[in-house]
Amino acid sequence: MTSDGTQAFVAFDRVQKSYDGEVLVVKDLNLYIGRGEFLTMLGPSGSGKTTCLMMLAGFETATHGEITLDGKPINNIPPHKRGIGMVFQNYALFPHMTVGENLSFPLEVRGMAKSEREGKIKRALDMVQMGDFINRRPAQLSGGQQQRIALARALVFEPELVLMDEPLGALDKQLRETLQFEITNLAHELGITTVYVTHDQTEALTMSDRVAVFDDGRIQQLAAPDTLYEEPQNSFVAQFIGENNTLQGTVSKISGDMCEVTLADGSIIDAVPVNVSAVGEKTQVSIRPERVEMNRERLADDVHTLKAEVLEFVYMGDIYRTRLRVAGKDDFIIKTRNAPDQRRLRPGESIEIGWRPQDCRALDA
């Protein structure tokens, strides 16, 4: 079942995977994906995300547990009979075939008549705005055009589930951003369930309905993009998703839904206790760079503030990025928007900083 109580379209039930019979690369995975959902598996290399995708595709076999698609077990069904579309980073187009022939291939394999194939090929190419390229070969196309064709080939037989493994990794930044929105819009427009694998956090945050953050073969957190960013459940997620400031300290007081943390230099700050539960526990507090205030008037009177020394002030066009020394750490970052009232800071200058306590999270040390 999904979180809203509906039947999961894709389900991993206690799935494990080991290649050598000893080390588990996927550990007791329970994951339920709703029909029409765009779910991204995000994590560093070796975290288990691609292995999960390959088990779902049928290119790897689960060592333990069951994978179901639309309520039916698929562990023993070969890849070509699962009816799943697949898009790879390296496009995997047949170089000796034209674009039209590449798209025709999965339809021919399914025994579709030529007249029906032609209509589906035209529709798929129009979806990705590549109708004029039907007679070209892959070598005559740019990287972005080849990736559009690979996407069209995955969609041409109208699968209910499409898997994408780092599909935009080889493209330049501008083209990658364009295709991110095209893929997301297309998936939602067609109502296709999409499982997308990437190690690019921006891609995961901008494209997904939900993101599963993987590390060490386990999902560390599964949530909507804004929840992941604003409310990380542990230090790994806080550090892996976006830019993040951390300060080491000890819990000195817990009161309701807030706690007080004493930092290494004796400074005191307030934070939301996420996975700390007792006074005396070591903690790592997490605060996003854009949540830090240098303007005292914008903070409540009872908020703790900290002294900071400016080490670096960098102009980045739409924002200024300031690196500070705070509580003995030299890598504390603040991001402020480029506004007329933003004063340019000088290295060596002393300032006072603060933030709303609800924007600061006391996580595992």
Side-chain angles (χ1 to χ4, degrees), residues 2-4 6-12 31-42 49-50 52-59 67-72 74 77 79-89 91-93 102-107 109-110 112 116-117 119-131 144 146-169 176-198 200 203-212 222 224-225:
T2 58
S3 57
D4 62 2
T6 56
Q7 176 71 44
F9 184 60
V10 175
F12 290 80
L31 175 61
Y32 308 104
I33 304 167
R35 188 184 289 275
E37 183 174 12
F38 195 118
L39 180 125
T40 296
M41 295 177 173
L42 172 71
K49 60 189 190 301
T50 298
C52 289
L53 194 80
M54 291 299 143
M55 287 191 287
L56 181 53
F59 301 130
I67 302 171
T68 58
L69 179 60
D70 201 13
K72 302 177 187 72
I74 57 171
I77 296 176
H80 65 281
K81 291 189 175 174
R82 295 190 182 193
I84 295 172
M86 190 92 196
V87 185
F88 298 94
Q89 180 177 339
Y91 321 130
L93 298 172
N102 262 283
L103 265 68
S104 181
F105 181 76
L107 302 178
V109 168
R110 287 165 176 79
M112 199 172 284
E116 196 180 349
R117 290 202 305 266
K120 287 189 182 295
I121 291 166
K122 182 182 184 309
R123 181 168 176 263
L125 287 176
D126 287 346
M127 271 191 253
V128 296
Q129 293 141 33
M130 292 292 289
Q146 288 186 57
Q147 195 52 286
R148 280 193 171 90
I149 298 305
L151 179 60
R153 188 179 63 182
L155 298 174
V156 72
F157 62 93
E158 296 169 8
E160 291 187 284
L161 175 64
V162 172
L163 311 182
M164 302 193 187
D165 187 18
E166 305 269 6
L168 308 180
R176 204 162 63 230
E177 288 173 357
T178 302
L179 279 175
Q180 281 170 17
F181 291 109
E182 285 185 14
I183 288 171
T184 311
N185 291 338
L186 201 53
H188 284 139
E189 198 178 298
L190 300 173
I192 294 168
T193 307
T194 309
V195 181
Y196 192 99
V197 161
T198 184
D200 185 311
E203 213 163 86
L205 293 175
T206 54
M207 296 178 76
S208 320
D209 296 319
R210 287 191 303 161
V211 180
L222 172 63

(request) Heavy atoms only: give me the nearest Val197-Pro167 pair and the separation to one decimal. (result) O-CD, 4.2 Å

(message) Could you report the tightest heavy-atom contact between Ala150 and Val87, atom names first, then the distance?
(response) O-CG2, 4.0 Å

(request) For the pair His80 and Val109, evaluate side chain to side chain contact (heavy atoms under 4.5 Å, CB included) and give the outcome as yes or no after the intermediate values. (result) CA-CA 9 Å; His80 65 281; Val109 168; 5.6 Å; no

(message) I need the minimum non-hydrogen distance between Pro225 and Ser208, along with the two atoms involved.
(response) CG-O, 3.4 Å

(message) Just verifying a value: how many Å separate Glu203 CD and Thr40 OG1, rounded to the nearest 0.5 Å?
(response) 8.0 Å

(request) Measure the spacing between CZ of Arg148 and CD1 of Ile183 and express it to the nearest 0.5 Å. (result) 9.0 Å

(request) Could you tell me which residues satisfy side-chain contact (heavy atoms from CB on, under 4.5 Å) with Ala11, sequence neighbours excluded, listed by chain and number? (result) Ala8, Asp13, Tyr32, Thr68

(request) Look up atom CG in Leu42 and atom CZ in Arg210, then write down how far apart they are to the nearest 0.5 Å. (result) 14.5 Å

(request) Decide side chain to side chain contact (heavy atoms under 4.5 Å, CB included) for Leu179 and Leu151; before the verdict, give the C-alpha distance in whole Å, the side-chain angles of both, and the deciding distance to 0.1 Å. (result) CA-CA 10 Å; Leu179 279 175; Leu151 179 60; 5.9 Å; no

(request) State plainly whether the residues Glu158 and Arg123 are in salt-bridge range, i.e. N to O under 4.0 Å. (result) yes

(request) Please identify each residue that fulfils side-chain contact (heavy atoms from CB on, under 4.5 Å) with Thr193, with sequence neighbours left out. (result) Phe9, Ile33, Arg35, Leu161

(request) Apply side chain to side chain contact (heavy atoms under 4.5 Å, CB included) to the pair Leu56 and Ile74, showing each step before the final yes or no. (result) CA-CA 8 Å; Leu56 181 53; Ile74 57 171; 4.1 Å; yes

(message) Under a 3.5 Å distance rule, please check whether Arg117 uses its side chain to pair with a backbone N or O of Met112 as donor and acceptor.
(response) yes

(request) Over all heavy atoms of both residues, which pair between Ala152 and Leu103 is shortest? Give the atoms and the distance, please. (result) CB-CD2, 3.9 Å

(message) Please enumerate all residues that pass side-chain contact (heavy atoms from CB on, under 4.5 Å) together with Glu189, with sequence neighbours excluded.
(response) none

(request) Could you check if a side-chain atom of Asp200 sits within less than 4.5 angstrom of a side-chain atom of Arg176, using non-hydrogen atoms only? (result) yes

(message) Rounded to the nearest 0.5 Å, what separates atom OH in Tyr196 from atom CG in Leu163?
(response) 13.0 Å

(request) Mind checking side-chain hydrogen bond (donor to acceptor under 3.5 Å, both in side chains) for Asp209 and listing every partner two or more places apart, or none if nothing turns up? (result) His188

(message) Counting only heavy atoms from other residues, nucleotides and ligands, does the tally under 6.0 Å from CZ of Phe181 exceed 12?
(response) no

(request) Using the side chain to side chain contact (heavy atoms under 4.5 Å, CB included) rule, pick out the option among Glu37, Met164, Met41 that qualifies with Val195. (result) Met41

(request) Find the distance between CD1 (Ile149) and CG (Leu125) and round it off to the nearest 0.5 Å. (result) 5.0 Å

(request) Under the side-chain contact (heavy atoms from CB on, under 4.5 Å) rule, collect the residues that match up with Pro159, sequence neighbours excluded. (result) Phe157, Val162

(message) Under the criterion side chain to side chain contact (heavy atoms under 4.5 Å, CB included), I'd like the reasoning laid out for Leu39 against Leu222: C-alpha separation, chi angles, the key distance, then a yes or no.
(response) CA-CA 10 Å; Leu39 180 125; Leu222 172 63; 3.8 Å; yes

(message) If I compare all heavy atoms of Val156 with all of Pro106, which pair ends up nearest, and what's the gap?
(response) CG1-CG, 3.8 Å

(request) Identify the two heavy atoms, one from Met54 and one from Phe88, that lie closest to each other, and give their separation to 0.1 Å. (result) CE-CE2, 4.2 Å

(request) For Thr178, enumerate each residue passing the side-chain hydrogen bond (donor to acceptor under 3.5 Å, both in side chains) test, keeping only those at least two apart in sequence or located in another chain. (result) none

(message) If I take atom CE from residue Met207 and atom CG from residue Asn185, how far apart are they, to the nearest 0.5 angstrom?
(response) 9.5 Å

